[in-house]
Amino acid sequence: MVNINFTVNGKPYEISIDENMRLIDVLRDELGLIGTKEGCGEGECGACTIIMDGETVNSCLVMGFQADGSNIVTIEGLEKDGQLHPVQRAYMEAGAVQCGFCIPGMVLSTKALLDKNPSPSDEEIREGISGNLCRCTGYNKMLIATKKAIEYMKGE
Amino acid sequence: MDIKKVYNSKSVEEVIDLLGEYGKKAKVIAGGTDIVIALNKNVIEPEILIDISKIEELKGIREEDEYITIGSTTTFAEVVESQIFENNLYGLHKACKMVGSPQIRNKGTIGGNIANGSPAADSVPPLMALDSIVTLKSIDGIREISLEDYYLNPIKEKELLINIRFKRPKDNQILTFAKLGLRKALAISRLTLSSYIEFEDKTIDSIRVASGALAKFPMREKEVEDYLLGKSLEEKTIEGAIEVLRNSMDERLKGRSTLPYKRVAISTILREILEEALAIEEGVKAW
Ligand code: FES
Ligand code: FES
(Lines give C-alpha, C1' and ligand atoms only; values in the text may rest on other atoms or scores of the structure.)
(Ligands and ions follow the chains in the order given, each with its own letter.)
Protein backbone atom coordinates (compact mmCIF):
# COMPACT_ATOMS: atom_id res chain seq x y z
CA MET A 1 0.00 0.00 0.00
CA VAL A 2 1.06 3.58 -0.62
CA ASN A 3 -0.22 6.81 0.91
CA ILE A 4 -1.34 9.64 -1.31
CA ASN A 5 -2.54 13.15 -0.57
CA PHE A 6 -4.65 14.87 -3.15
CA THR A 7 -7.63 17.11 -3.68
CA VAL A 8 -10.70 15.85 -5.48
CA ASN A 9 -13.55 18.23 -6.29
CA GLY A 10 -12.23 20.69 -3.76
CA LYS A 11 -12.00 18.18 -0.94
CA PRO A 12 -8.61 17.08 0.44
CA TYR A 13 -8.03 13.33 0.80
CA GLU A 14 -5.31 11.34 2.46
CA ILE A 15 -5.75 7.70 1.54
CA SER A 16 -3.81 4.51 1.31
CA ILE A 17 -4.08 2.69 -2.03
CA ASP A 18 -2.86 -0.47 -3.69
CA GLU A 19 0.23 0.21 -5.84
CA ASN A 20 -1.45 -1.52 -8.78
CA MET A 21 -4.41 0.83 -8.95
CA ARG A 22 -4.86 3.21 -11.81
CA LEU A 23 -6.30 6.62 -11.06
CA ILE A 24 -9.68 5.58 -12.49
CA ASP A 25 -9.75 2.66 -10.03
CA VAL A 26 -8.93 4.98 -7.14
CA LEU A 27 -11.69 7.41 -8.12
CA ARG A 28 -14.35 4.78 -8.70
CA ASP A 29 -13.52 2.06 -6.21
CA GLU A 30 -11.91 3.99 -3.36
CA LEU A 31 -13.79 7.29 -3.52
CA GLY A 32 -17.02 6.00 -5.02
CA LEU A 33 -16.96 8.62 -7.79
CA ILE A 34 -18.52 6.42 -10.41
CA GLY A 35 -19.37 9.26 -12.80
CA THR A 36 -15.97 8.63 -14.35
CA LYS A 37 -16.46 5.77 -16.83
CA GLU A 38 -14.13 3.16 -18.21
CA GLY A 39 -14.65 2.41 -21.88
CA CYS A 40 -11.57 1.12 -23.63
CA GLY A 41 -8.96 1.30 -20.88
CA GLU A 42 -6.42 2.24 -23.56
CA GLY A 43 -6.57 5.97 -24.01
CA GLU A 44 -8.80 5.84 -27.09
CA CYS A 45 -12.32 6.69 -25.99
CA GLY A 46 -12.01 9.45 -23.37
CA ALA A 47 -14.89 8.10 -21.23
CA CYS A 48 -12.50 8.21 -18.26
CA THR A 49 -11.53 11.87 -18.82
CA ILE A 50 -10.95 13.94 -15.68
CA ILE A 51 -9.31 17.31 -15.13
CA MET A 52 -5.98 17.01 -13.35
CA ASP A 53 -4.16 20.22 -12.43
CA GLY A 54 -6.21 22.11 -15.01
CA GLU A 55 -5.62 19.71 -17.92
CA THR A 56 -7.83 16.92 -19.23
CA VAL A 57 -6.25 13.48 -18.90
CA ASN A 58 -7.41 9.91 -19.41
CA SER A 59 -7.61 8.53 -15.88
CA CYS A 60 -7.18 5.00 -17.24
CA LEU A 61 -3.62 5.96 -18.24
CA VAL A 62 -2.50 7.47 -14.95
CA MET A 63 -1.34 5.31 -12.05
CA GLY A 64 -3.05 6.07 -8.76
CA PHE A 65 0.15 6.90 -6.89
CA GLN A 66 1.05 9.49 -9.53
CA ALA A 67 -1.91 11.58 -8.37
CA ASP A 68 -0.10 12.39 -5.12
CA GLY A 69 -0.15 16.16 -4.68
CA SER A 70 -2.55 16.80 -7.54
CA ASN A 71 -5.82 18.68 -7.82
CA ILE A 72 -8.54 16.71 -9.57
CA VAL A 73 -11.97 17.59 -10.87
CA THR A 74 -14.40 14.83 -11.85
CA ILE A 75 -17.91 15.18 -13.24
CA GLU A 76 -19.28 15.09 -9.68
CA GLY A 77 -17.36 18.29 -8.96
CA LEU A 78 -19.03 20.47 -11.58
CA GLU A 79 -22.32 21.38 -10.00
CA LYS A 80 -22.29 24.19 -7.49
CA ASP A 81 -24.88 24.71 -4.73
CA GLY A 82 -27.24 22.32 -6.42
CA GLN A 83 -26.91 24.16 -9.76
CA LEU A 84 -25.61 22.39 -12.84
CA HIS A 85 -22.51 23.79 -14.49
CA PRO A 86 -23.42 25.79 -17.64
CA VAL A 87 -21.84 23.08 -19.81
CA GLN A 88 -24.00 20.40 -18.16
CA ARG A 89 -27.11 22.53 -18.56
CA ALA A 90 -26.34 23.24 -22.20
CA TYR A 91 -25.74 19.56 -22.97
CA MET A 92 -29.13 18.66 -21.49
CA GLU A 93 -30.98 21.41 -23.26
CA ALA A 94 -29.36 20.74 -26.63
CA GLY A 95 -30.27 17.06 -26.41
CA ALA A 96 -26.62 16.13 -26.65
CA VAL A 97 -27.08 13.25 -24.25
CA GLN A 98 -28.34 9.89 -25.46
CA CYS A 99 -27.09 6.80 -23.61
CA GLY A 100 -24.87 9.09 -21.56
CA PHE A 101 -21.82 6.90 -21.30
CA CYS A 102 -19.47 9.36 -22.98
CA ILE A 103 -21.00 12.42 -21.36
CA PRO A 104 -18.96 12.86 -18.16
CA GLY A 105 -15.76 12.86 -20.20
CA MET A 106 -17.28 14.91 -22.99
CA VAL A 107 -18.54 17.58 -20.56
CA LEU A 108 -15.17 17.80 -18.81
CA SER A 109 -13.33 18.17 -22.13
CA THR A 110 -15.77 20.92 -23.09
CA LYS A 111 -15.32 22.68 -19.75
CA ALA A 112 -11.53 22.47 -19.96
CA LEU A 113 -11.65 23.89 -23.49
CA LEU A 114 -13.86 26.82 -22.46
CA ASP A 115 -11.74 27.55 -19.38
CA LYS A 116 -8.75 28.06 -21.67
CA ASN A 117 -10.52 29.50 -24.67
CA PRO A 118 -13.87 31.19 -23.84
CA SER A 119 -14.81 31.74 -27.49
CA PRO A 120 -13.56 28.85 -29.60
CA SER A 121 -14.27 28.41 -33.31
CA ASP A 122 -16.29 25.40 -34.51
CA GLU A 123 -13.05 23.75 -35.50
CA GLU A 124 -11.53 24.37 -32.07
CA ILE A 125 -14.63 22.91 -30.40
CA ARG A 126 -14.41 19.76 -32.52
CA GLU A 127 -10.69 19.51 -31.81
CA GLY A 128 -11.37 20.03 -28.08
CA ILE A 129 -13.64 16.98 -27.90
CA SER A 130 -11.69 14.91 -30.42
CA GLY A 131 -10.42 12.64 -27.64
CA ASN A 132 -13.95 11.70 -26.60
CA LEU A 133 -15.76 9.08 -28.64
CA CYS A 134 -19.53 8.99 -28.72
CA ARG A 135 -21.32 6.06 -30.33
CA CYS A 136 -24.76 7.71 -30.18
CA THR A 137 -24.94 11.35 -31.14
CA GLY A 138 -22.77 12.03 -34.14
CA TYR A 139 -21.14 14.99 -32.33
CA ASN A 140 -23.17 17.80 -33.93
CA LYS A 141 -25.31 18.12 -30.82
CA MET A 142 -22.14 18.59 -28.78
CA LEU A 143 -21.18 21.46 -31.02
CA ILE A 144 -24.59 23.05 -30.51
CA ALA A 145 -24.42 22.42 -26.75
CA THR A 146 -20.98 24.00 -26.53
CA LYS A 147 -22.18 27.13 -28.30
CA LYS A 148 -25.06 27.37 -25.83
CA ALA A 149 -22.63 26.91 -22.95
CA ILE A 150 -20.48 29.74 -24.29
CA GLU A 151 -23.50 32.04 -24.17
CA TYR A 152 -24.42 30.95 -20.63
CA MET A 153 -20.89 31.46 -19.42
CA LYS A 154 -20.72 34.93 -20.95
CA GLY A 155 -23.93 35.82 -19.12
CA GLU A 156 -22.55 34.72 -15.75
CA MET B 1 0.07 -5.99 -12.49
CA ASP B 2 2.15 -7.00 -9.56
CA ILE B 3 3.83 -3.81 -8.48
CA LYS B 4 5.37 -4.03 -5.03
CA LYS B 5 6.74 -0.56 -4.54
CA VAL B 6 6.30 2.84 -6.14
CA TYR B 7 8.31 6.04 -5.92
CA ASN B 8 7.26 9.62 -6.60
CA SER B 9 10.77 10.82 -7.32
CA LYS B 10 11.87 14.38 -6.79
CA SER B 11 15.36 14.32 -8.29
CA VAL B 12 17.35 12.78 -11.13
CA GLU B 13 19.92 11.49 -8.64
CA GLU B 14 17.27 9.58 -6.73
CA VAL B 15 15.98 7.94 -9.93
CA ILE B 16 19.44 6.96 -11.07
CA ASP B 17 20.23 5.41 -7.70
CA LEU B 18 16.96 3.47 -7.77
CA LEU B 19 17.59 2.26 -11.31
CA GLY B 20 21.12 1.30 -10.31
CA GLU B 21 19.78 -0.70 -7.40
CA TYR B 22 16.79 -2.40 -9.03
CA GLY B 23 17.88 -2.73 -12.68
CA LYS B 24 15.31 -4.48 -14.81
CA LYS B 25 12.90 -4.98 -11.93
CA ALA B 26 12.11 -1.27 -12.14
CA LYS B 27 10.31 0.80 -14.76
CA VAL B 28 10.23 4.54 -15.14
CA ILE B 29 6.85 6.18 -15.70
CA ALA B 30 6.15 9.76 -16.80
CA GLY B 31 3.00 10.53 -18.82
CA GLY B 32 1.91 6.90 -18.68
CA THR B 33 0.17 6.99 -22.07
CA ASP B 34 2.09 3.95 -23.34
CA ILE B 35 3.23 2.22 -20.20
CA VAL B 36 -0.05 2.02 -18.28
CA ILE B 37 -1.62 0.14 -21.20
CA ALA B 38 1.33 -2.28 -21.16
CA LEU B 39 1.08 -2.68 -17.38
CA ASN B 40 -2.64 -3.25 -17.48
CA LYS B 41 -2.28 -5.99 -20.09
CA ASN B 42 0.70 -7.52 -18.29
CA VAL B 43 2.90 -6.95 -21.33
CA ILE B 44 5.49 -5.72 -18.87
CA GLU B 45 5.58 -6.76 -15.23
CA PRO B 46 7.90 -4.57 -13.19
CA GLU B 47 8.01 -4.81 -9.40
CA ILE B 48 9.03 -1.21 -8.96
CA LEU B 49 7.53 1.84 -10.63
CA ILE B 50 9.35 5.18 -10.50
CA ASP B 51 7.38 8.30 -11.38
CA ILE B 52 9.58 11.03 -12.88
CA SER B 53 6.85 13.43 -13.95
CA LYS B 54 7.35 15.76 -10.98
CA ILE B 55 11.12 16.27 -11.38
CA GLU B 56 11.70 19.93 -12.30
CA GLU B 57 15.05 19.31 -13.96
CA LEU B 58 13.45 17.08 -16.59
CA LYS B 59 10.70 19.50 -17.55
CA GLY B 60 10.46 22.22 -20.13
CA ILE B 61 12.17 23.72 -23.14
CA ARG B 62 15.34 25.81 -22.83
CA GLU B 63 17.31 27.89 -25.30
CA GLU B 64 20.99 28.01 -24.48
CA ASP B 65 23.70 29.35 -26.77
CA GLU B 66 23.13 27.73 -30.14
CA TYR B 67 21.09 24.82 -28.77
CA ILE B 68 17.47 24.20 -27.98
CA THR B 69 17.05 21.57 -25.25
CA ILE B 70 13.81 19.74 -24.55
CA GLY B 71 13.54 18.05 -21.15
CA SER B 72 12.46 14.42 -21.38
CA THR B 73 9.16 14.88 -19.53
CA THR B 74 8.09 17.86 -21.64
CA THR B 75 4.61 17.05 -22.91
CA PHE B 76 3.39 17.28 -26.49
CA ALA B 77 0.98 19.99 -25.35
CA GLU B 78 3.91 22.05 -24.03
CA VAL B 79 5.69 21.82 -27.37
CA VAL B 80 2.50 22.85 -29.17
CA GLU B 81 2.11 25.86 -26.87
CA SER B 82 5.74 26.96 -27.13
CA GLN B 83 6.49 29.88 -29.42
CA ILE B 84 9.91 28.42 -30.22
CA PHE B 85 8.30 25.97 -32.61
CA GLU B 86 6.76 28.45 -34.94
CA ASN B 87 8.21 29.55 -38.26
CA ASN B 88 11.08 27.37 -39.38
CA LEU B 89 10.68 24.83 -36.56
CA TYR B 90 7.00 24.42 -37.38
CA GLY B 91 7.49 20.72 -38.23
CA LEU B 92 7.88 19.74 -34.58
CA HIS B 93 4.85 21.77 -33.55
CA LYS B 94 2.81 20.06 -36.24
CA ALA B 95 4.00 16.57 -35.26
CA CYS B 96 3.14 17.12 -31.59
CA LYS B 97 -0.19 18.68 -32.47
CA MET B 98 -1.14 15.59 -34.48
CA VAL B 99 -0.41 13.17 -31.64
CA GLY B 100 -3.50 11.32 -30.40
CA SER B 101 -6.06 13.49 -28.63
CA PRO B 102 -5.92 16.51 -26.28
CA GLN B 103 -5.84 14.13 -23.31
CA ILE B 104 -2.88 12.23 -24.74
CA ARG B 105 -1.02 15.43 -25.64
CA ASN B 106 -1.49 16.72 -22.08
CA LYS B 107 0.26 13.68 -20.65
CA GLY B 108 2.45 12.06 -23.30
CA THR B 109 6.08 13.16 -23.30
CA ILE B 110 8.87 13.65 -25.81
CA GLY B 111 11.15 11.42 -23.73
CA GLY B 112 8.56 8.65 -23.67
CA ASN B 113 8.15 8.88 -27.41
CA ILE B 114 11.87 8.14 -27.77
CA ALA B 115 12.40 5.72 -24.89
CA ASN B 116 9.44 3.48 -25.72
CA GLY B 117 10.87 2.80 -29.17
CA SER B 118 7.60 2.73 -31.09
CA PRO B 119 8.07 2.79 -34.87
CA ALA B 120 5.20 5.27 -35.07
CA ALA B 121 6.43 7.80 -32.50
CA ASP B 122 5.32 11.02 -34.16
CA SER B 123 7.79 13.44 -32.58
CA VAL B 124 10.82 11.34 -33.47
CA PRO B 125 11.15 11.96 -37.25
CA PRO B 126 11.30 15.76 -36.85
CA LEU B 127 13.79 15.44 -33.99
CA MET B 128 15.84 13.08 -36.12
CA ALA B 129 15.72 15.43 -39.09
CA LEU B 130 17.08 18.10 -36.72
CA ASP B 131 20.04 15.80 -36.02
CA SER B 132 19.23 15.78 -32.31
CA ILE B 133 21.38 14.41 -29.55
CA VAL B 134 19.90 12.34 -26.72
CA THR B 135 21.39 12.56 -23.23
CA LEU B 136 21.03 9.59 -20.91
CA LYS B 137 22.28 9.28 -17.35
CA SER B 138 23.02 6.32 -15.12
CA ILE B 139 25.11 5.57 -12.04
CA ASP B 140 27.93 4.88 -14.49
CA GLY B 141 27.81 8.39 -15.92
CA ILE B 142 26.41 10.33 -18.83
CA ARG B 143 25.89 8.94 -22.33
CA GLU B 144 25.22 11.14 -25.34
CA ILE B 145 24.13 9.64 -28.63
CA SER B 146 22.64 11.02 -31.82
CA LEU B 147 18.96 10.17 -32.21
CA GLU B 148 19.79 8.53 -35.53
CA ASP B 149 22.10 6.02 -33.80
CA TYR B 150 19.97 5.74 -30.69
CA TYR B 151 17.79 2.94 -32.06
CA LEU B 152 20.84 0.74 -32.59
CA ASN B 153 21.93 1.37 -29.03
CA PRO B 154 18.79 2.31 -27.10
CA ILE B 155 18.19 3.11 -23.46
CA LYS B 156 19.51 0.52 -21.02
CA GLU B 157 17.92 -0.75 -17.82
CA LYS B 158 19.86 1.58 -15.57
CA GLU B 159 19.60 4.67 -17.73
CA LEU B 160 17.28 7.64 -17.47
CA LEU B 161 16.60 9.79 -20.53
CA ILE B 162 17.40 13.35 -19.44
CA ASN B 163 16.85 15.50 -22.50
CA ILE B 164 17.20 15.92 -26.23
CA ARG B 165 18.88 18.85 -27.91
CA PHE B 166 19.49 20.23 -31.37
CA LYS B 167 21.05 23.27 -32.96
CA ARG B 168 18.73 26.22 -33.38
CA PRO B 169 18.14 26.53 -37.14
CA LYS B 170 18.89 29.64 -39.16
CA ASP B 171 16.16 31.40 -41.11
CA ASN B 172 16.88 29.51 -44.32
CA GLN B 173 16.78 26.12 -42.57
CA ILE B 174 13.28 24.74 -42.40
CA LEU B 175 11.72 21.77 -40.60
CA THR B 176 8.48 20.27 -41.89
CA PHE B 177 6.36 17.26 -41.04
CA ALA B 178 3.46 15.30 -42.50
CA LYS B 179 1.48 12.33 -41.31
CA LEU B 180 -0.99 9.91 -42.70
CA GLY B 181 -3.25 7.82 -40.50
CA LEU B 182 -5.84 8.87 -38.00
CA ARG B 183 -6.44 7.64 -34.53
CA LYS B 184 -4.38 4.79 -33.22
CA ALA B 185 -7.38 2.47 -33.16
CA LEU B 186 -8.54 3.20 -36.67
CA ALA B 187 -5.34 3.54 -38.61
CA ILE B 188 -4.26 0.49 -40.60
CA SER B 189 -0.80 1.88 -40.42
CA ARG B 190 0.62 5.27 -39.89
CA LEU B 191 3.21 6.98 -41.94
CA THR B 192 5.18 10.04 -41.07
CA LEU B 193 7.90 12.01 -42.80
CA SER B 194 9.90 15.00 -41.72
CA SER B 195 12.48 17.03 -43.59
CA TYR B 196 15.01 19.61 -42.59
CA ILE B 197 16.12 21.64 -45.55
CA GLU B 198 18.61 24.45 -45.92
CA PHE B 199 17.70 26.56 -48.91
CA GLU B 200 19.77 28.77 -51.15
CA ASP B 201 16.89 30.36 -53.01
CA LYS B 202 15.05 27.31 -54.35
CA THR B 203 18.10 25.08 -54.27
CA ILE B 204 18.49 22.49 -51.55
CA ASP B 205 21.84 23.22 -49.97
CA SER B 206 21.63 20.61 -47.28
CA ILE B 207 18.90 18.18 -46.31
CA ARG B 208 17.94 15.51 -43.83
CA VAL B 209 14.81 13.40 -44.24
CA ALA B 210 13.48 11.07 -41.52
CA SER B 211 10.58 8.64 -41.64
CA GLY B 212 8.34 6.98 -39.08
CA ALA B 213 6.65 3.60 -39.57
CA LEU B 214 8.59 2.81 -42.75
CA ALA B 215 10.85 0.45 -40.83
CA LYS B 216 11.18 -1.12 -37.41
CA PHE B 217 12.24 2.25 -36.07
CA PRO B 218 12.14 5.83 -37.26
CA MET B 219 15.09 6.29 -39.60
CA ARG B 220 16.93 8.67 -41.93
CA GLU B 221 16.06 8.26 -45.60
CA LYS B 222 19.56 8.73 -47.02
CA GLU B 223 18.75 7.77 -50.60
CA VAL B 224 16.14 10.49 -50.83
CA GLU B 225 18.52 12.93 -49.19
CA ASP B 226 21.25 12.13 -51.73
CA TYR B 227 18.80 12.53 -54.57
CA LEU B 228 17.50 15.90 -53.39
CA LEU B 229 20.80 17.46 -52.37
CA GLY B 230 21.82 20.29 -54.70
CA LYS B 231 18.61 20.15 -56.73
CA SER B 232 16.19 22.97 -57.24
CA LEU B 233 12.89 22.19 -55.52
CA GLU B 234 10.38 21.99 -58.34
CA GLU B 235 7.75 19.54 -59.61
CA LYS B 236 10.10 17.15 -61.38
CA THR B 237 12.39 17.04 -58.33
CA ILE B 238 9.45 16.10 -56.13
CA GLU B 239 8.35 13.38 -58.55
CA GLY B 240 11.88 12.03 -58.72
CA ALA B 241 12.16 11.98 -54.94
CA ILE B 242 8.92 10.00 -54.65
CA GLU B 243 10.32 7.39 -57.06
CA VAL B 244 13.55 7.12 -55.07
CA LEU B 245 11.70 6.66 -51.79
CA ARG B 246 9.38 4.08 -53.33
CA ASN B 247 12.36 2.09 -54.54
CA SER B 248 13.95 2.00 -51.11
CA MET B 249 10.61 1.04 -49.58
CA ASP B 250 10.22 -1.81 -52.09
CA GLU B 251 13.47 -3.28 -50.87
CA ARG B 252 12.84 -2.70 -47.21
CA LEU B 253 9.23 -3.79 -46.99
CA LYS B 254 9.33 -6.61 -49.55
CA GLY B 255 6.50 -9.10 -48.98
CA ARG B 256 4.73 -6.98 -46.35
CA SER B 257 1.00 -6.69 -46.74
CA THR B 258 1.18 -2.96 -46.01
CA LEU B 259 3.60 -2.19 -48.86
CA PRO B 260 1.09 -1.46 -51.66
CA TYR B 261 -0.78 0.95 -49.41
CA LYS B 262 2.36 2.64 -48.15
CA ARG B 263 3.73 3.00 -51.69
CA VAL B 264 0.70 5.05 -52.69
CA ALA B 265 0.41 6.97 -49.44
CA ILE B 266 4.03 8.02 -49.34
CA SER B 267 3.73 10.22 -52.42
CA THR B 268 1.19 12.47 -50.70
CA ILE B 269 3.20 13.06 -47.58
CA LEU B 270 6.59 13.41 -49.27
CA ARG B 271 5.05 16.02 -51.54
CA GLU B 272 3.51 17.75 -48.53
CA ILE B 273 6.75 18.14 -46.58
CA LEU B 274 8.69 19.40 -49.58
CA GLU B 275 6.03 21.85 -50.76
CA GLU B 276 5.51 23.10 -47.23
CA ALA B 277 9.23 23.68 -46.79
CA LEU B 278 9.32 25.75 -49.95
CA ALA B 279 6.24 27.71 -48.90
CA ILE B 280 7.78 28.58 -45.53
CA GLU B 281 11.07 29.52 -47.22
CA GLU B 282 9.13 31.83 -49.51
CA GLY B 283 7.45 33.44 -46.53
CA VAL B 284 4.04 31.82 -46.87
CA LYS B 285 2.77 30.89 -43.43
CA ALA B 286 1.79 27.28 -43.17
CA TRP B 287 -0.06 27.67 -39.89
S1 FES C 1 -11.31 4.30 -20.77
FE2 FES C 1 -9.72 5.72 -20.68
S3 FES C 1 -9.66 6.43 -22.71
FE4 FES C 1 -11.10 4.84 -22.84
S1 FES D 1 -24.39 9.56 -25.69
FE2 FES D 1 -24.06 7.43 -25.91
S3 FES D 1 -21.92 7.35 -26.20
FE4 FES D 1 -22.29 9.42 -26.27
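A note on names: the letters A, B, ... follow the listed sequences, proteins ahead of strands, and every chain is numbered from 1. Because the structure is predicted, anything quoted here is derived from the model rather than measured. As a basis for the values below, the full set of heavy atoms in this structure was taken, side chains included, without hydrogen atoms, waters or symmetry mates.
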Original post:
What part of A38(B) gets closer than 4.5 Å to chain A, counting heavy atoms only: side chain, backbone, both or neither?
Top reply: neither
**OP:** Taking only Lys NZ, Arg NE, NH1 and NH2, and the carboxylate oxygens of Asp or Glu, determine whether K111(A) and D115(A) approach each other closer than 4.0 Å.
**Re:** yes
Original post:
Charged N to carboxylate O below 4.0 Å: is that the case for K137(B) and E13(B)?
Top reply: yes
**OP:** Please determine if E127(A) and R105(B) form a salt bridge, counting it only when a charged side-chain N lies under 4.0 Å from a carboxylate O.
**Re:** yes
Subject >> Carboxylate-amine/guanidinium contact E56(B) K59(B), below 4.0 Å >> reply: yes
Original post:
Which bit of M52(A) comes within less than 4.5 Å of chain B, counting heavy atoms only: side chain, backbone, both or neither?
Top reply: side chain
Original post:
Measuring heavy-atom distances to chain B, does V57(A) have an atom under 4.5 Å in its side chain, in its backbone, in both, or in neither?
Top reply: both
Original post:
Is chain A contacted by the side chain of K54(B), its backbone, both, or neither, given a heavy-atom distance below 4.5 Å?
Top reply: side chain
Original post:
Checking heavy atoms, do the side chain of C40(A), its backbone, both or neither come under 4.5 Å from chain B?
Top reply: neither
**OP:** Please test M142(A) against T110(A) for side-chain contact (heavy atoms from CB on, under 4.5 Å), starting from the C-alpha separation and ending with a verdict.
**Re:** CA-CA 9 Å; M142(A) 276 82 182; T110(A) 307; 6.0 Å; no
**OP:** Report the option among D18(A), T56(A), N20(A) that has the most heavy-atom pairs separated by less than 4.5 Å from atoms of chain B.
**Re:** N20(A)
**OP:** Can you measure from CD (E38(A)) to CZ (R22(A)) and round to the nearest 0.5 angstrom?
**Re:** 4.0 Å
Subject >> Structural part of N40(B) lying under 4.5 Å from a heavy atom of chain A >> reply: side chain
Original post:
Any idea which of D2(B), I35(B), N8(B) has the most non-hydrogen atom pairs under 4.5 angstrom with chain A?
Top reply: N8(B)
